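Take a look at the structure below.
We count ligands from 1, going down the list as the structure has it; atoms in each ligand are counted the same way. Predicted model only: the values in this text are computed from it and were never measured.
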Amino acid sequence: MENVRDSLFYEPKNGYDRVDTEERLKIEDYCREYMDFLNTARTEREAVRYAIDKAEEHGFRPYRAGETLKAGDRIYRCNRGKALMLAVVGTEPLDHGSVIAGAHVDSPRLDLKQIPLYEQDELCYFRTHYYGGIKKYQWVAIPLELHGVVSLRNGETVDVCIGRDPKDPKFVITDLLPHLAADQMKKTMAEGITGEGLNLLIGSTPYADDGKDRVKLAVMSMLNDAYGITEEDFLSAELTAVPAFDVCEIGVDRSMIGGYGHDDRVCAWAELRAIFDLEMPRRTCVCILADKEEIGSEGVSGMQSAAFDCFMEDLCASQGVALRRCLENSFCLSADVTAAFDPLYPEVSEKRSESKFNYGMAICKYTGARGKSSTSDASAELVGYLRGLFDREKVLWQMAEMGKVDQGGGGTIAKYMANRNIDTIDAGVPVLSMHAPFEIVAKLDCYMTYKGILAAYRD
Ligand code: MN
Ligand code: MN
């Protein structure tokens with residue numbers, strides 16, 4: 001009877017029952033590198049910069065249209081400092097298709113408004129406009145850092161980073177003390193903290209004169225000393241407040257990683273590490289780090305932008321191949337995180353279909369919300385292909401859905417890739433507390449996502 005049961009039923013197993021000591025060590029080594037990336041890269045610009053530095057160490061060089069390419073060439077193109085595409089040229093021509101892995105490097109955060117600076121009752125603040133889907137109450141009373149750029153009238157760009165260095169000051173959005181919060185506590189969690197209420201406390205000492213807005217003047221004067229900027233320069237700035245928590249191991253067994261921005265830098269790193277490890281792939285392998293996924297993949301640096309098509313067209317042109325032939329034969333892993341089953345909130349999930357920590361890379365045949373709306377829904381054949389590949393390459397993986405049927409769902413870059421006539425499927429790392437200032441992933445799943453992407457690249 002047991003044999004019949006084993007051969008007919010599908011019973012997923014915990015990943016730790018399926019990896020040996022050697023692989024456990026690989027998981028640790030892999031995650032150590034990832035933690036450094038996540039700790040350093042707090043914005044899409046910083047992630048792209050970090051990726052380029054590492055890519056150059058691994059033999060990648062910038063690619064310009066018209067350059068000839070040969071198998072094994074390692075190239076990249078940076079899209080306006082916010083998105084990145086890398087490729088390792090395969091031995092087969094591009095009309096056989098390419099293998100693409102696409103992740104995003106933007107994460108939910110608090111962007112400064114264009115006229116952000118003000119003083120109220122002798123305290124100085126920055127006004128913000130949040131970016132991406134956040135639960136606003138999670139962003140008050142935690143330490144925040146300020147990252148970004150200020151573009152000056154003369155065309156120069158000034159980099160700003162305050163708070164990452166342990167010696168730096170940090171910022172905070174204050175919350176009401178419980179003693180005075182009787183009315184606030186009666187509000188819903190969506191209304192308790194408002195968007196216009198997310199203002200960063202940035203100073204309290206007055207400038208030594210007797211005019212008005214003396215604290216604001218003191219703050220502006222220090223910013224002017226440090227960065228050479230005036231208040232008007234905020235008009236052309238992209239400054240953002242992100243959580244100031246350091247990335248760290250979680251749990252007595254250190255089996256998990258806590259940090260800001262796992263979504264989706266955990267998959268971005270998996271792709272990068274995988275493409276760095278390639279030598280001479282059969283098909284050309286492409287790694288995408290996209291921007292703007294959290295607000296719908298819009299804009300010139302998002303996945304709906306023609307920047308990707310332009311890059312691929314340049315590669316195809318170097319081999320006299322039509323772009324549309326390449327795309328129709330290509331395969332794309334839309335590498336993005338998914339919601340892990342959370343035993344503290346079982347009511348939102350249908351347990352059998354939800355991804356779980358330590359069960360490996362999570363494949364989402366479809367994402368979407370309420371009736372699969374807005375998903376590209378990968379074909380059975382594509383899932384079948386991955387099952388075969390991952391079994392052969394010993395990649396631990398699981399099938400995943402985002403919450404109960406009428407509860408939720410989500411979007412990724414998958415549909416924008418599929419719309420280009422590319423066979424696309426979502427796959428990535430399960431996350432707890434997704435979109436919170438401090439998200440959690442399991443180390444085993446991070447490593448298996450890397451292993452899965454590498455297997456696809458090498459196939
Ligand atoms: Mn994501
Ligand atoms: Mn997200």
Side-chain angles (χ1 to χ4, degrees), residues 34 37-38 41-44 46-48 51 82-84 100-111 130-136 138-139 240 242-243 257-272 287-299 301-305 308 332-340 342 348 354-355 361-369 374-376 378 400-403 407-418 424-442 445-446 449-450 452-453:
Y34 166 55
F37 168 64
L38 188 66
R42 303 247 155 184
T43 64
E44 69 281 355
E46 291 172 359
V48 164
K82 296 179 170 198
L84 184 67
I100 303 162
H104 64 94
V105 285
D106 61 316
S107 297
R109 61 189 192 222
L110 306 176
D111 286 346
Y130 61 91
Y131 170 99
I134 63 165
K135 290 161 88 176
K136 284 167 279 210
Q138 294 179 331
W139 293 71
T240 189
V242 299
I257 304 171
Y260 161 66
H262 284 308
D263 178 8
D264 181 33
R265 293 173 198 137
V266 68
C267 295
W269 183 254
E271 289 180 8
L272 281 171
C287 165
I288 303 169
L289 307 188
D291 181 30
K292 296 282 185 278
E293 192 278 340
E294 295 296 358
I295 55 168
S297 297
E298 313 284 348
S301 52
M303 214 54 238
Q304 296 193 63
S305 156
F308 168 73
C332 176
L333 270 177
S334 162
D336 206 343
V337 300
T338 186
D342 190 335
V348 300
E354 206 77 25
S355 66
M361 184 182 201
I363 307 282
C364 289
K365 183 177 182 297
Y366 50 85
T367 56
S374 245
T375 178
S376 57
E401 193 177 57
M402 279 268 274
Q407 192 77 42
T412 67
I413 65 160
K415 62 177 176 177
Y416 305 111
M417 303 308 283
T424 304
I425 188 164
D426 276 301
V429 178
V431 177
L432 286 175
S433 299
M434 195 199 289
H435 282 208
F438 194 72
E439 303 175 313
I440 317 296
V441 294
D445 304 328
C446 300
T449 298
Y450 149 76
I453 295 169

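- With hydrogens and angles disregarded, no donor-acceptor distance shorter than 3.5 Å links the side chain of R265 to the backbone of Y34.
- Residues H262 and E439 have side chains that never bring a donor and an acceptor to within less than 3.5 angstrom of each other.
- Applying the side-chain hydrogen bond (donor to acceptor under 3.5 Å, both in side chains) rule to K82 yields the partners E238; only residues at least two apart in sequence or on another chain are considered.
- A side-chain donor from one of E294 and H435 sits under 3.5 Å from a side-chain acceptor of the other.
- Between T338 and T367 the shortest side-chain heavy-atom distance does not fall below 4.5 Å.
- Counting only protein atoms, the N, O or S atoms lying less than 2.8 Å from the Mn ion (ligand 2) are D263 OD2, E294 OE1, E294 OE2, H435 NE2, ordered by chain and residue number.
- Counted by atom type alone, D336 and T412 present zero donor-acceptor pairs between their side chains at under 3.5 Å.
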